[in-house]
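The next block holds one structure in the form of structure tokens; read it before the comments.
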Amino acid sequence: MKLQAENIFFSYGSKKILENCSLTLSPGKLTVITGPNGSGKSTFVHLLGGLLQPGAGEVLLDGKNLKSFSHIERACRIGVLAQEKLPALDFSVSERIMMGRFAHLPRLFEPGPEDKKSVEEVMDFMGISSFGTALCNQLSGGEYQKVLIAALLARKTPVMLLDEPTSALDPAGALRCMEIFRLLKSETAIALVTHDLTLAAAFADELILVNKGRIFAAGTPREILTKENIASVYGCNAEILPSSTGPVAVFR
Amino acid sequence: MIKRIFLPLLLLVTVFAGGIFFGAETLSIKEVFHSSVAELRFFRMLGAMFIGGALSLSGMVFQAVLRNPLAEPYTLGVSAGAGVGAATAFILGLHAVSIYAVPFTALAGALVTLLLVLYISRAGGGERLLLSGVIAGTICSSILMFLLSVASSDEVAAASWWLLGDLQSINEKLLFPMIGVTLAILFYLRWSAGELDLLALGEKEAFFLGVNVKKMTFIMVLCASVLAAVSVALAGAVGFCGLIVPHTVRRLCSSSHRRNLFPMFIWGAVFLMACDILSRLVLPGQELPVGVVTSITGGPVFLWILNRKR
């Protein structure tokens, strides 16, 4: 399944947030979006996920405008991990993950064996089986982030959009997470937003650098992570060191 | 399933039966089947059962949709609006003209307030709805105080009893339509329990998981407000039930509305029926307004449960 943004524009009133942004997500390619705070990355994800409607341009899912899909049809195809606060109610970890399968669950009956199996699988996968019965509000920020990623994986959508999935995770957790996305990318179109340029360089097939609402540069990590691009976008100097996994930017 | 549904159901039947046997005078088994007192108590317990259940469901929905654990059935000003309607009926003497006057003016006051709140907050999300409700409630409370300040002492006494919550004067003819509305909403809420779970996560999260957020928020708020409005119209403003029962059931059972919806109704019913029995027994020869008992007993129980681990 392919998700495309074609020349999309978005503004809040007179304040322009995104201008002329295009992107194509398809299976086999892990796309990473990065850029300074307030550059429009999260808005881009919200537009791709259908939460916001572009002022101009369109978002296409397999060639059809995303607006033409019903809420459930869209949720079955596009999974989004947004920046989420802890829930106001005391849901348990397994209940929260099961909610990820909302579009698949029977309305009147308890979740079936397939749903329960999916939840158990992703909990194992994310290494959170030990606190399945704990309440989400008792978890640390990093643990809850793993729960949210598990809830997204349980949905098994062909397109996944993730807004800063590794921001609250420790280095081992972040690495594990990126490895999972690398495993999934052969059958899933994935785009994720991160500020971690080292992880981005190690795992991205396509790196998109967003600045002031525009796509400043897009290409492979080696093409994009240059001293010049970093100075232009972040306004600071960095040394680019080679490594076996990709270029590493050391900020000075 | 046994712990979640059957045990509370057994308790419900027991408390219901207890409500028929016990009161100002205790009835024998023979009297239960042949006395008019038993018949009156039967309808009173039936009213308590559905009002308790309705207020608990209403509080549960408000807490989920507004994502505020302190939200309750009267958060959107429904109670205060109903109070203005009822006080108007008492002051104009309409309560002496027809037994339907107070319930209907209360219902009208509640629904007018609700519609105004929904209209004012139509362009915004849950936060705007909550703020609009709180402000509408404050304005209605001021109008209510004004009405009570110009009323005679008899009118104030009659209105006060109603405002504290009163199951004595439940109108049987209005009870059955109320039961119908409550059951219809109960089954609709069970049908939409998955959406309610997701709305509790947040508007953005619910949208990405496949919920039509604006439509479902409107429907849920409407359902919860109608439950509160019909309860208030029938028995006055019974406080605390819609706040403490949802919290208690979540602690005892689950926060997932797929699992806790029927227990929520049953425990709400048990709570209000038990409070009603207490209101008849605490002071010999005298009854207390049930709202006083719900507050006095509910508060400490709520604090105890809050401090227990699930």
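Predicted model only: the values in this text are computed from it and were never measured. Reminder, nothing fancy here: chain letters follow the sequence lines and each chain counts from 1. What's counted below: heavy atoms across the whole structure, side chains too, no hydrogens, waters or symmetry copies.
For A:Arg74, the part sitting under 4.5 Å from any heavy atom of chain B is the side chain, from C-beta outward, and nothing else. There is no contact between B:Ala193 and chain A, counting heavy-atom distances below 4.5 Å. For a residue to count as touching a neighbouring chain, one of its non-hydrogen atoms must lie under 4.5 Å from one of that chain's; by this rule A:Arg101 does not touch chain B.
At distances below 3.5 Å, at least one donor-acceptor pair connects side-chain atoms of A:Arg155 with backbone N or O atoms of A:Ile78.
With respect to chain B, the highest number of heavy-atom pairs below 4.5 Å among A:Pro87, A:Ala151, A:Gly50 belongs to A:Gly50.
Distance check, rounded to the nearest 0.5 Å: NE2 of A:His46 to CG of A:Leu18 gives 11.5 Å.
Salt-bridge check for A:Lys212 with A:Glu19: failed, with every basic side-chain N at 4.0 Å or more from each acidic carboxylate O.
Between A:Ser39 and A:Val210 the shortest heavy-atom distance is O-CG1, 3.4 Å.
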